[in-house]
Student: 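Here it is, the structure, as structure tokens.
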Amino acid sequence: MGRHPLQAEQAGAEVMGATPALPLLPAVILVALVAPVLVLENGLLRTPPMGWLAWERFRCNTNCDEDPENCIRWGQRVAGRLEEEAGEKLFMEMADRLAQDGWRDLGYTYLNIDDCWSGGRDTQGRLVADSKRFPRGIAFLAHYAHSLGLKLGIYGDLGNFTCMGFPGTTLDKVVQDAATFAEWKVDMLKLDGCFSTHEDRALGYPKMAAALNATGRPIAFSCSWPAYEGGLPPKVNYSELANICNLWRNYGDIQDSWESVLSILDWFVQYQDVLQPAAGPGRWNDPDMLLIGNFGLSLEQARSQMALWTVLAAPLFMSTDLRSIAPRHVDILQNPLMIKINQDPLGIQGRRILKDQAHIEVFLRPLANEAYALVFFSRRQDMPYRYRTSLAQMNLTSAKLYEAQNVYTGDIISGLQDKTNITVIVNPSGVVMWYLYPIRKQGRSQD
Ligand code: GLA
């Protein structure tokens, strides 16, 4: 498994807490030691964030005349009155669905606006929402979300423009925009990096983290910074990043296709030695939104994305139409054991531990209470494959007796010891996912 991320975190904590030795050091060394200030001290997102994010499904649809149901807006004034009819208010309707259809109670609490909400800046330079599509402003939307027990996320861009050409947050606007978001009572900021330079980002992301802290409002900070630097060292310093951002996009945008899911997965696996230790409570790699409920994935592939994202300790941001999502997709997204695994308190990102020549791959995520999540993933395109293995073959060589629960079927497999033969049948582009936990030898039957 390589270095245990918790060890990495504890080591980091020791360094930061090493004040007793400092008074003995000359002032100049002291300055050098404390220079990389820990700017993000918000204590947020001890487990990966869960919620809904507009972008993948609803993009920059501002065509409210022709597509009133799906355009990016909150409400609309018609003849001076606020149009209250159902279908007029994408974000309000998603908030209602999150609160009423069981999502919020399972942990999907963030309602996140993405690009294309802005109407520019006012005479004092403050960001304002588009007055036609968000007539009562973002503060009203935050209030509505809070009244339903939800949190509101907003989108900004550390550059001249957002990716879709709306006003960006240039370096001179960072402090003002952080104050505006706090005043609106926003709970999360996704700060994109279109139309910025390497230098802008190196200054701007830490500056925004400090500015958010200075507002006194806990605002989770999602940074696209690494994605704009190629996602890898030496250009990306993940230890430093974890002191600045709660989560970060490492790689390109997800699109509504299986090919896109695989391209992201492949990259995360290829660089797992770098990425896996970077994640932990309060700091998460973000492989981008869940496509489940949309158009591009088969049911097997939808189950696979959910299982793989969960084992990678990824944020669970749905981006689908919760007004019309099919029950089979709801079942995937609302699977309680899946969510429990995703939200495991240790916050250890999983890794691919095996790549079989039969095109079966095994992913493993260590969990609290000496449990594990195991994902058997098929890259095959022929038929369900009987994959034979054992815990020992997956390097789980403890003398303990294990039981496994199939996360999707609920079936329990008892009496597993390290040499026990295991056969799992994995569908093409599908997964079998297990929650594996030790059981006491006393008081439990083994069959
Ligand atoms: C970038 C981001 C996407 C989305 C769009 C909005 O491409 O990576 O997630 O926010 O910008 O324009």
Side-chain angles (χ1 to χ4, degrees), residues 48-63 70-73 90-91 94 110-120 127 129-130 133-134 138 152-170 177 181 186-198 200-201 204-205 208 219-232 235-236 241 245-257 259-261 263-265 267-268 275 284-294 296 305 309 314-321:
M50 297 171 62
W52 182 91
L53 177 55
W55 182 256
E56 199 293 314
R57 174 63 181 78
F58 293 96
R59 306 288 169 141
C60 195
N61 181 354
T62 54
N63 185 357
N70 299 302
C71 67
I72 300 297
R73 69 171 163 179
L90 182 70
F91 288 96
M94 291 307 155
Y110 282 97
L111 172 74
N112 287 3
I113 306 171
D114 207 275
D115 203 349
C116 309
W117 60 269
S118 177
L127 281 173
D130 182 282
R133 292 181 292 113
F134 295 84
I138 302 295
L152 188 76
I154 198 149
Y155 168 99
D157 185 288
L158 191 67
N160 292 322
F161 303 99
T162 72
C163 297
M164 293 309 294
F166 290 80
T169 301
T170 45
D177 290 357
F181 298 142
V186 155
D187 306 290
M188 184 185 295
L189 170 66
K190 170 176 170 179
L191 192 60
D192 214 335
C194 275
F195 304 104
S196 66
T197 65
H198 170 78
D200 294 340
R201 295 190 288 275
Y205 280 98
M208 180 57 89
I219 300 180
F221 191 24
S222 165
C223 304
S224 302
W225 187 10
Y228 286 86
E229 307 289 351
L232 295 171
K235 285 184 84 182
V236 179
L241 192 65
C245 312
N246 293 114
L247 64 154
W248 46 79
R249 284 279 310 283
N250 315 65
Y251 193 62
D253 289 3
I254 200 156
Q255 309 293 344
D256 195 359
S257 73
E259 181 193 7
S260 173
V261 170
S263 73
I264 293 171
L265 180 70
W267 189 85
F268 271 76
L275 304 175
W284 310 104
N285 294 300
D286 180 5
D288 214 0
M289 289 157 273
L290 298 168
L291 302 175
I292 299 151
N294 296 334
Q305 192 195 12
W309 261 230
L316 298 180
F317 287 126
M318 307 181 282
S319 188
T320 191
D321 193 338

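These numbers were taken from a predicted model, which means no experiment stands behind them. Indexing begins at 1, ligand by ligand and atom by atom, following the structure's order.
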Student: Who pairs with Cys194 by side chain to side chain contact (heavy atoms under 4.5 Å, CB included), at least two apart in sequence or on another chain?
Tutor: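 For Cys194 the side chain to side chain contact (heavy atoms under 4.5 Å, CB included) partners, ignoring immediate neighbours, are Asp157, Cys163, Tyr228.
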Student: Identify the heavy atoms of Asn285 and Leu275 that sit nearest to each other, and give their distance.
Tutor: ND2-O, 2.9 Å
Student: So, using ring-ring contact (aromatic ring centres under 6.0 Å, His included) as the criterion, who are the partners of Trp55 when residues are at least two apart?
Tutor: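 With sequence neighbours excluded, Trp55 shows a ring-ring contact (aromatic ring centres under 6.0 Å, His included) to no residue whatsoever.
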Student: Looking at Asn294 and Thr320, what are the two nearest heavy atoms and their distance?
Tutor: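 Minimum heavy-atom separation between Asn294 and Thr320: OD1-OG1, 2.8 Å.
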Student: Between ligand 1 and the protein, give all atom pairs where both partners are nitrogen or oxygen and the distance is under 3.5 Å, as lines of names plus distance to 0.1 Å.
Tutor:
from, atom 1, to, atom 2, distance (Å)
ligand 1, 7 (O), Asp253, OD2, 2.6
ligand 1, 8 (O), Arg249, NH1, 3.2
ligand 1, 8 (O), Asp253, OD1, 2.5
ligand 1, 8 (O), Asp253, OD2, 3.4
ligand 1, 9 (O), Lys190, NZ, 2.8
ligand 1, 9 (O), Arg249, NH1, 3.2
ligand 1, 10 (O), Asp114, OD1, 2.6
ligand 1, 10 (O), Asp114, OD2, 3.4
ligand 1, 10 (O), Lys190, NZ, 3.0
ligand 1, 11 (O), Asp192, OD2, 2.9
ligand 1, 12 (O), Asp115, OD2, 2.8

Student: Can you name the residues that form a side chain to side chain contact (heavy atoms under 4.5 Å, CB included) with Ser260, not counting sequence neighbours?
Tutor: Ile254, Gln255, Ser257, Ile264
Student: Can you tell me how far the NZ atom of Lys190 sits from the CZ atom of Phe317, to the nearest 0.5 Å?
Tutor: 8.5 Å
